[in-house]
Amino acid sequence: MPYRDSLNRWLVVRLLPKMQRITVAAFCKRADAEGYLQAVRRLLPQAQFVIVFNAEAQRHRQDADRVTEKGRSPSMQPSKPTSPHP
């Protein structure tokens, strides 16, 4: 997940039949998501929308912070080139 996507933690989701959903927009601030939700409800009054917190984005951000604090993780170390002749 790109870092830019991990910043958008508040999602406006449209609820569809049969437990389906579509993410309509993503925001960094809940207040921005609420403002968007008010506007989209005026445009589509028959549709159902909710605001949800994207905890997955928060988890990726915390993982990235841990890697930054400790330096590079072993999985991120550059591999040594192998020569065909020992």
Side-chain angles (χ1 to χ4, degrees):
M1 169 183 287
Y3 177 72
R4 180 184 63 135
D5 293 344
S6 70
L7 296 176
N8 298 328
R9 298 180 303 214
W10 295 100
L11 305 176
V12 176
V13 176
R14 181 176 179 178
L15 303 177
L16 300 172
K18 298 182 183 178
M19 298 297 292
Q20 295 178 344
R21 63 196 179 280
I22 296 176
T23 300
V24 178
F27 298 92
C28 297
K29 298 177 184 177
R30 181 177 173 95
D32 293 342
E34 289 172 349
Y36 184 87
L37 180 65
Q38 288 177 358
V40 77
R41 280 185 174 161
R42 275 186 254 131
L43 293 171
L44 299 168
Q46 71 284 3
Q48 289 184 314
F49 295 92
V50 293
I51 295 175
V52 296
F53 183 78
N54 187 3
E56 188 69 20
Q58 183 68 19
R59 186 178 63 95
H60 284 291
R61 187 173 173 190
Q62 289 171 348
D63 290 346
D65 290 344
R66 264 189 247 120
V67 169
T68 308
E69 291 170 3
K70 293 180 182 178
R72 298 179 107 183
S73 68
S75 64
M76 296 178 69
Q77 293 294 335
S79 60
K80 294 180 181 177
T82 58
S83 63
H85 304 289

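Residue numbers count from 1 along this sequence.
By the criterion of side-chain heavy atoms lying less than 4.5 angstrom apart, applied directly or through intervening Ile, Leu, Val, Met, Phe, Trp or Tyr residues, L11 is not grouped with V40; the two fall into different hydrophobic clusters. By the rule that hydrophobic residues join a cluster once side-chain heavy atoms approach within less than 4.5 Å of another member, L44 and Y36 end up as members of one cluster.
Here the shortest heavy-atom pairing between V52 and V13 reads CG2-CG2, 3.7 Å. Across all non-hydrogen atoms, the minimal contact from V12 to A33 is CG2-O, 3.8 Å.
Formation of a donor-acceptor pair under 3.5 Å by the R14 side chain with backbone atoms of V24 is not found in this model.
When side chains are defined from C-beta on, W10 counts as touching I51, because their heavy atoms get closer than 4.5 Å.
Rounding to the nearest 0.5 Å gives a distance of 9.0 Å between CD of Q48 and CZ of R41.
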